[in-house]
Amino acid sequence: MAEPINRQHVAVIRSMGSFVFDAVFEETHEADLEVTDNPVETGVVVSDHAFMKPLRLSISAGVSDTPLKGWGGGYQVSQGALVGGGSGEGKDFWARNAPSDPFASDAGRSRRAFELLTELQRRAEPFAVQTGLKLYENMVITSIRTSQDKDTSGALFFTASLREVLIVNTETVKYPPRKPGATKRQAGPKKHKGEQQGKEVTDESKKKKLRESAAHALGLQKFFGVGGR
């Protein structure tokens, strides 16, 4: 008989891309909203002046050269990588479906894990990260920090910083071809009107205005006796 839904075990496998680590010690989630520093007028929609910055995530995890055995295929999904479940039908399910060890190597699991992490960072291809709180899409590794001493030489303990890559979809719109022929905005062909003869000005007032305009244009007002004082 199936257990009531409120008593069933819920398992969350923390993963980074296709990697599940022996233990996840800490997760730090960061979500920031950028708001303009400029004053916003009354009645203006504030959301038009704010935007979400890319999500950030920090994961501290470990991979041991001597992992615990017992969950199928020799691959251990430990308490740090599993939240809830861990007994009864839930444990049997993971024992049957446990993946093969991605860090198996003659050189040691910790060295292989570090190589795979740095390769994942170097490729800079967005991947999914499953945490205890949510599933992050389109994440890349921005930094990896690790250290070893005499007590941790047989394991990899690291902190990886990740950042979301904002991806948008673009659409290309193809306009219909323009019809041949001149448009309204295009000028028509020049028309040859032949040689144009100027007309003689006979009105004295018009002659005076023309002389003043020519004198102002040439700066010769004093010579023509116009416009001067």
Side-chain angles (χ1 to χ4, degrees), residues 2-35 46-47 50-64 67-68 70-73 75-103 109-110 112-147 152 155-169:
E3 297 182 22
I5 189 169
N6 59 346
R7 295 184 56 188
Q8 290 181 355
H9 298 282
V10 178
V12 178
I13 299 297
R14 290 168 165 85
S15 62
M16 183 185 301
S18 60
F19 305 139
V20 178
F21 306 107
D22 293 349
V24 176
F25 307 110
E26 184 180 20
E27 296 173 351
T28 303
H29 307 257
E30 184 177 347
D32 296 319
L33 178 70
E34 184 75 16
V35 183
V46 178
S47 60
F51 63 93
M52 286 296 299
K53 298 177 69 175
L55 299 175
R56 292 180 179 273
L57 177 66
S58 177
I59 295 178
S60 296
V63 176
S64 173
L68 299 176
W71 274 47
Y75 181 51
Q76 172 67 20
V77 182
S78 68
Q79 293 180 354
L82 179 65
V83 176
S87 63
E89 295 181 1
K91 182 176 180 179
D92 294 337
F93 171 82
W94 293 116
R96 294 191 303 270
N97 296 275
S100 58
D101 187 356
F103 308 127
R109 297 179 74 252
S110 58
R112 180 57 178 164
F114 186 70
E115 291 175 358
L116 292 175
L117 278 174
T118 53
E119 176 63 23
L120 184 64
Q121 179 187 32
R122 186 164 43 249
R123 289 205 309 265
E125 295 178 357
F127 54 86
V129 179
Q130 178 65 64
T131 69
L133 295 180
K134 64 169 294 183
L135 173 65
Y136 288 85
E137 300 283 356
N138 301 321
M139 302 294 285
V140 293
I141 301 175
T142 57
S143 70
I144 301 173
R145 299 185 302 276
T146 183
S147 62
T152 60
L156 169 68
F157 297 98
F158 69 92
T159 298
S161 299
L162 302 98
R163 175 177 172 172
E164 179 188 22
V165 178
L166 300 179
I167 299 177
V168 297
N169 296 321

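Just so it is clear, the model here is predicted, and its values are computed rather than measured.
Taking CG of L156 as the start and CZ of R109 as the end, the distance is 10.0 Å to the nearest 0.5 Å. Here the straight-line distance linking atom CE of M16 with atom OG1 of T131 works out to 10.5 Å at 0.5 Å rounding. If you take CZ on F19 and CZ on F103, they are separated by 6.0 Å, rounding to the nearest 0.5 Å. To the nearest 0.5 angstrom, L162 atom CG is 11.0 Å from H29 atom NE2.
Looking at residues two or more places apart in sequence or on another chain, you find a side-chain contact (heavy atoms from CB on, under 4.5 Å) between F157 and F25, T152, A155. Residues forming a ring-ring contact (aromatic ring centres under 6.0 Å, His included) with F127 (at least two apart in sequence, or on another chain): none. Residues satisfying the side-chain contact (heavy atoms from CB on, under 4.5 Å) test with E137, not counting sequence neighbours, are A128, L135. In terms of the side-chain contact (heavy atoms from CB on, under 4.5 Å) criterion, S18 has no residue partners (sequence neighbours excluded).
Looking only at side-chain heavy atoms (C-beta outward), R14 and E27 come within less than 4.5 Å of each other.
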Check residues 53-63 and write down every donor-acceptor pair under 3.5 Å in which the side-chain atom is one partner and the other belongs to a residue at least two apart or another chain.
unit_1	atom_1	unit_2	atom_2	d
S60	OG	T159	OG1	2.9

What pairs of donor and acceptor atoms, side-chain ones from residues 113-122 against any protein atom, are under 3.5 angstrom apart with sequence neighbours left out?
unit_1	atom_1	unit_2	atom_2	d
E115	OE1	R112	NH1	3.4
T118	OG1	F114	O	3.0
T118	OG1	E115	O	2.9
E119	OE1	R122	NE	3.4
E119	OE1	R122	NH2	2.7
Q121	NE2	T142	O	3.3

